[in-house]
Colleague: 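Take this structure, written in structure tokens, and hold onto it; I'll ask about it next.
No hydrogens, no waters, no symmetry mates; every other heavy atom, side chains included, goes into these values. So you know, we letter chains A, B, ... as the sequences are listed, proteins then strands, and number each from 1. The model shown is predicted, which means the values in this text are computed figures rather than measured ones.
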4 protein chains.
Amino acid sequence: MCPRTKEQFDLIRENKKEQILNAAIECFGTRGYYSVTISQLAKHAGISKGLLYNYFSSKEDLLKQIFQSLMRDFMGFLDPDENGILEKHELFEYFDKVFDFLQNNISLGKMYISIFSQPSVQTILNEEIVVASRQPLGMMLRYFESQGFEDPEVEVAFLGTLFSGAMSEFLSDPEHFPLEKIKIKIQNMYNMYK
Amino acid sequence: MCPRTKEQFDLIRENKKEQILNAAIECFGTRGYYSVTISQLAKHAGISKGLLYNYFSSKEDLLKQIFQSLMRDFMGFLDPDENGILEKHELFEYFDKVFDFLQNNISLGKMYISIFSQPSVQTILNEEIVVASRQPLGMMLRYFESQGFEDPEVEVAFLGTLFSGAMSEFLSDPEHFPLEKIKIKIQNMYNMYK
Amino acid sequence: MCPRTKEQFDLIRENKKEQILNAAIECFGTRGYYSVTISQLAKHAGISKGLLYNYFSSKEDLLKQIFQSLMRDFMGFLDPDENGILEKHELFEYFDKVFDFLQNNISLGKMYISIFSQPSVQTILNEEIVVASRQPLGMMLRYFESQGFEDPEVEVAFLGTLFSGAMSEFLSDPEHFPLEKIKIKIQNMYNMYK
Amino acid sequence: MCPRTKEQFDLIRENKKEQILNAAIECFGTRGYYSVTISQLAKHAGISKGLLYNYFSSKEDLLKQIFQSLMRDFMGFLDPDENGILEKHELFEYFDKVFDFLQNNISLGKMYISIFSQPSVQTILNEEIVVASRQPLGMMLRYFESQGFEDPEVEVAFLGTLFSGAMSEFLSDPEHFPLEKIKIKIQNMYNMYK
DNA sequence: CATGAATGAGCCTTCATTCAT
DNA sequence: AATGAATGAAGGCTCATTCAT
């Protein structure tokens, strides 16, 4: 029989990679990066240990790739028209989008939280984090400046506080946290009425 | 050389245990529970590995004891007269005390954050966390009820959001986070003027 | 597309096998048998891993086939008329041929050296080595006997010493080893003037 | 009970390290660096796998330390008075010492041979080899210069040829190689009569 | 009380080999 | 004939824990 075509192989690779990433997000999210072994990961993804290394060069690499994809998602929520400028309605919708996303991707969110709070994981991702956060922070700062806020830097810090607080509280108990009501409270604080 | 009186023993035990706990807090806080080895810990504390097991039965036990001591500190901030009832000035002062404490115990704070966000560490501490948080949450709820808030449960959740957000943002970059200004913003929200 | 005539098949097989052997000699010679992976080998040969196993049943088999081909070459140098008897001019020319060959096949030579000195590779090739060396050693012995040497066995050992020494020194630094001058020194020792 | 003194621990370490080195030399010498596993090594040395890493930071480190000790031995044979100058009697005795040593340390010798001929092991030891060989080669060169040899560099190369040839032939079959007679032949070539 | 040598289970990773297409 | 995805045994190494002294 003739071998598979390049297109067939590409399709297999793409699907399998997705499959592994999903398994990894779930495992890392529920049990934490350090507590998950490659063996468990492979079993969860329904593949052999060795195959994982056909797609990711190491456990660290796997973490980095998940993180980067997550960062891309978040950036897309913040600045959908990719013009680097944050408009009022974008900030407003950002809340909705991020928390909608989190509700549908609880494991991913938990993983994100555990990434940002585990010092040693931060070490692994350090460069990625710095690069990834530079742009959104700058956009928020310019937004508050343009809106005539008295102390824009504090506003950015406070917004960050609300965000990271809401995320971590929601994700630590998704069933009971009154997400909708909190969102409304926050949006009211910024006069973001629909 | 070796034999000592009972009093000497007790004094040594007390000091040594403190010494180990401090070293552990610093190491866990800066590098994370999983990345710190017992060897490193012992070296940092200036003792031998074997001796550490004289004071703590395992690495997990060490973590639990740190956590319990931390919880006791926090409870002391929230309800200093230990009457189980949260009064307005106590909530007001709670903010100050907690963040004063954090500013002087950054490693401990980082460790706290990493504890609450690492799923596997949560597993280790699960019972302790549930027990420890039941009382303060109840106190806050009764406080907001007594103050006639429309939806006390949401208020508790929102306060928790502000808290955990401020903690995590402050601890992720203690040098630059405008802690004082954020504290004032929060206290204003609750009309906690001095 | 796929089907071909039997003649085409045979031609392809012959070329492919040559191609793989050459790649293997180069890789084994420069990096050593154990450090070269089948993947690298296949890439170097411009084929897939799977195809390699169509021509060689295992990594060991590949090594054995290279070795056998090398042994055939060397035997051809020692006894070109294949009469099993070593004549003076044949021994004389043997030196020239072997070292000419080595100069043009440095990787092969390095591989030969590494084969003979790696105990575990010797294990793999053990039978082949014994069989292959029996004949030339016997021929040399009879040669020195026929030339009336006092202690022919020592002469064989000494000749072997010179040979293996010159090979290993040349191959460990082909650029700087004064091969021609050493050859002349050796040939003078045996009165092998042209 | 009181703990051991520093001297007691040092003694334990020294003995144990020796024990591991000897086991490693024997294993590497008989089966080759790549074919020996840490498990086998540990079993052969009568210790656990983990303990090996208490004394050597890696398998490579173990190889390097063996090699360095071997190089020190060889240098001691070549220039016992450590004046950096090779005298006639020293070169003469060098032969005897080296081959006496090899007869009593066949595994070590085999390991040496396999080191110098395995390309990938060479890579590991590359710097060490360059450094280690610079001095003796320089000494030999100056010796032949001082003795008025016509082409001292070729003499060094030829002596190296004899050496590495004799070593590899002897070590590949220590039982049958006529070492004494070969030594005499070589010493006669250089007029090194006792 | 105090030390660090010693253990061994278990981790991440590699790689020869197989197999469906 | 040809491909590379897939497997799994095995290797090097780490580290919490124990124990003789």
Colleague: Does Lys17(C) qualify as a cation-pi partner of Phe56(C), given the criterion of NZ or CZ under 6.0 Å from the six-membered ring centre and within 45 degrees of its axis?
Modeller: yes

Colleague: Ignoring hydrogens and angles, tell me if any N or O in the side chain of Arg13(D) forms a donor-acceptor pair with the backbone of Asn54(D) under 3.5 Å.
Modeller: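 It does hold such a pair.
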
Colleague: As an exercise, state the distance from OH of Tyr55(B) to CG of Asp61(B), rounded to the nearest 0.5 Å.
Modeller: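 Answer rounded to 0.5 Å: 14.0 Å.
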
Colleague: I need the CD-P distance between Gln19(D) and dA5(E), as an integer number of Å.
Modeller: 14 Å

Colleague: To the nearest 0.5 Å, what is the distance between OG on Ser69(C) and CD on Glu18(C)?
Modeller: 8.0 Å

Colleague: Go through dG8(F), dA5(F), dT3(E) for me and flag the one nearest to the Ile47(B) side chain.
Modeller: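 Selected nucleotide: dT3(E).
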
Colleague: Do any of residues 51-64 of chain D sit with a heavy atom less than 4.0 Å from DNA chain E, and if so which?
Modeller: Leu51(D), Asn54(D), Tyr55(D)

Colleague: Want to settle it: does Lys49(B) or Lys49(D) sit nearer the 5' end of DNA chain F, counting the closest nucleotide to each?
Modeller: Lys49(D)

Colleague: Heavy atoms, side chains only, cut-off 4.5 Å: are Glu60(C) and Tyr33(C) in contact?
Modeller: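 Answer yes - side chains close enough.
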
Colleague: Measure the CG-NZ distance between Leu52(D) and Lys59(D) for me, rounded to the nearest 0.5 Å.
Modeller: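 Separation between the atoms: 10.5 Å.
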
Colleague: Determine yes or no for a side-chain-to-main-chain donor-acceptor pair under 3.5 angstrom, with Arg31(D) supplying the side chain and Thr37(D) the backbone.
Modeller: no

Colleague: List DNA chain E stems (3 or more consecutive Watson-Crick/G-U pairs, under 3.5 Å)?
Modeller: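 Listed by first number, the stems are E:2-21 with F:2-21.
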
Colleague: Round to a whole Å and report the spacing from NZ of Lys43(A) to P of dT7(F).
Modeller: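 Taking atom P of dT7(F) as the reference, NZ of Lys43(A) is at 13 Å.
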
Colleague: Can you check the Glu18(A) CD to dA5(F) P distance for me, whole Å?
Modeller: 17 Å

Colleague: So Lys110(A) and Ile106(A), do their side chains get closer than 4.5 Å, heavy atoms only?
Modeller: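 Sidechains of Lys110(A) and Ile106(A): in contact.
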
Colleague: Has the side chain of Thr30(B) got a donor or acceptor atom that lies under 3.5 Å from a matching backbone atom of Glu26(B)?
Modeller: yes

Colleague: If you round to the nearest 0.5 Å, how far is CG of Leu125(A) from CD of Gln118(A)?
Modeller: 11.5 Å

Colleague: Going by heavy atoms closer than 4.0 Å, what residues in residues 8-17 of chain A are next to DNA chain F?
Modeller: Phe9(A), Ile12(A), Arg13(A), Lys16(A)

Colleague: Which residues satisfy the ring-ring contact (aromatic ring centres under 6.0 Å, His included) test with Tyr112(C), sequence neighbours excluded?
Modeller: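 Here the qualifying residues are Phe74(C), Phe116(C).
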
Colleague: Only pairs under 3.5 Å count here: list side-chain donor-acceptor contacts from residues 41-51 of chain C, not counting sequence neighbours, and write none if there are none.
Modeller:
from	atom 1	to	atom 2	distance (Å)
Ser48(C)	OG	Leu51(C)	N	3.3

Colleague: Taking Leu62(C)'s backbone N and O only, do any of them form a donor-acceptor pair with Gln65(C)'s side chain (distance below 3.5 Å, no angle check)?
Modeller: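 Such a contact is absent between Gln65(C) side chain and Leu62(C) backbone.
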
Colleague: Short of 4.0 Å, heavy atom to strand atom, which residues of residues 22-42 of chain A count as contacting DNA chain F?
Modeller: none

